[in-house]
Amino acid sequence: MLCRFSDSFDLLLITKKLRSELVSLRTSAPKFMILSFLGIFCLYFFETWAFKEANIPLVSFLTYAAGGVTLVLSSVFLKEKISLMKILAFSAIVSGVYFIIAHEAGISGSMAGIILALLGGLGYALFIFASKLLKIESGLAHLVWLFGFGSLYLAIPYAMEGLSIPSPPVAIAILGLVIFPTIGGFYFTTKAIQRGNASSVQIIESSDPLFATLFAFVVFGESLGVTGWLGALCIMTGLLLALKQDHELLPERALYP
């Protein structure tokens with residue numbers, strides 16, 4: 001877990017322009033400390049721990065179920081309009097995830113796993129909200145700050161568990177996680193937050209379990225039953241509703257650059 005974010009930090013710290021941008025962002029260090037704690041430490045520490053206490057579908061559902069916090073906070077503090085369309089979109093996505101998990105996989109886990117998954121999801125929901133509230137932009141330099149503080153936070157549990165060097169196959173897998181879901185994921189998330197509403201970003205990212213299901217089908221040949229595909233349809237419907245809402249709110253110059 002720590003290796004993943006330490007490698008992210010080293011990989012991005014490579015160009016002169018980037019170093020210049022890093023220096024210019026030093027006054028925002030306290031903001032990055034807060035965001036790293038919420039979006040990196042809370043999400044990955046508690047979610048990874050939750051996987052030890054509960055199965056993957058249960059943790060996945062509970063992690064994204066906490067995203068409703070973003071809708072409430074965005075409405076109260078960011079004055080974002082929570083329209084009926086957004087409520088329907090989020091409800092459809094959560095309902096779809098529930099259908100898939102309740103009828104396509106055995107749900108089991110301890111109360112500790114449930115609490116840990118909710119804490120991880122709450123941290124990420126607060127990260128999305130706080131990024132918009134603190135007016136943090138997106139870019140590689142911003143990610144270096146996030147991953148840098150994230151590595152420091154995660155160094156504590158990593159040291160407590162005992163330091164170890166990953167084997168070459170594991171190191172290659174970690175590198176893949178660094179480039180695609182970590183750097184790529186956080187880059188596009190922060191870019192989306194900068195250009196749109198925090199609540200809409202949370203809604204759209206709640207469709208994650210659908211893509212996990214599709215990858216499982218393609219890679220491992222795992223298929224869904226009738227109820228499972230009904231859940232997938234609910235998720236896609238919610239996603240399309242959220243995208244339609246954002247498209248209607250965009251000014252004309254943003255739609256046609």
Over all atoms of both residues, closest heavy-atom pair of His142 and Glu137: CD2-O, 3.2 Å
Inter-residue atom distance Ile172.CD1 - Leu175.CG, 0.5 Å rounding: 8.0 Å
Whether Ser24 side chain and Glu21 backbone form a donor-acceptor pair below 3.5 Å: yes
Side-chain touch Leu154/Phe45, heavy atoms, less than 4.5 angstrom: yes
Heavy-atom donor-acceptor pair, Trp145 side chain to Ala29 backbone, under 3.5 Å: no
Student check: side-chain heavy atoms of Phe147 and Ile40 closer than 4.5 Å: yes
is_close_aromatic(Tyr153, Phe37), centroid dist under 6.0 Å: yes
Glu47 side, atom CD; Leu118 side, atom CG - distance, nearest 0.5 Å: 11.5 Å
Non-hydrogen atoms of Ile136 and Phe32 that approach each other most closely: CG2-CE2, 4.0 Å
Close side-chain approach of Thr237 to Leu88, heavy-atom, < 4.5 Å: no
Closest approach of Phe127 to Leu35 (non-hydrogen atoms, all atoms of both residues): CD1-O, 3.4 Å
Exercise: identify the closest heavy-atom pair between Cys42 and Gly123: CB-CA, 3.9 Å
Side-chain heavy-atom pair Phe41, Phe149 within 4.5 angstrom cut-off: no
Donor-acceptor under 3.5 Å (Ser36 side chain, Leu146 main chain): yes
Spatial distance of atom CG (Leu230) from atom OG (Ser95) [nearest 0.5 Å]: 9.5 Å
Criterion side-chain contact (heavy atoms from CB on, under 4.5 Å) on Leu73 and Leu126, from CA distance to verdict: CA-CA 9 Å; Leu73 294 178; Leu126 292 175; 3.4 Å; yes
Nearest non-hydrogen partners of Ala50 and Gly113, listed with the distance: CB-O, 3.8 Å
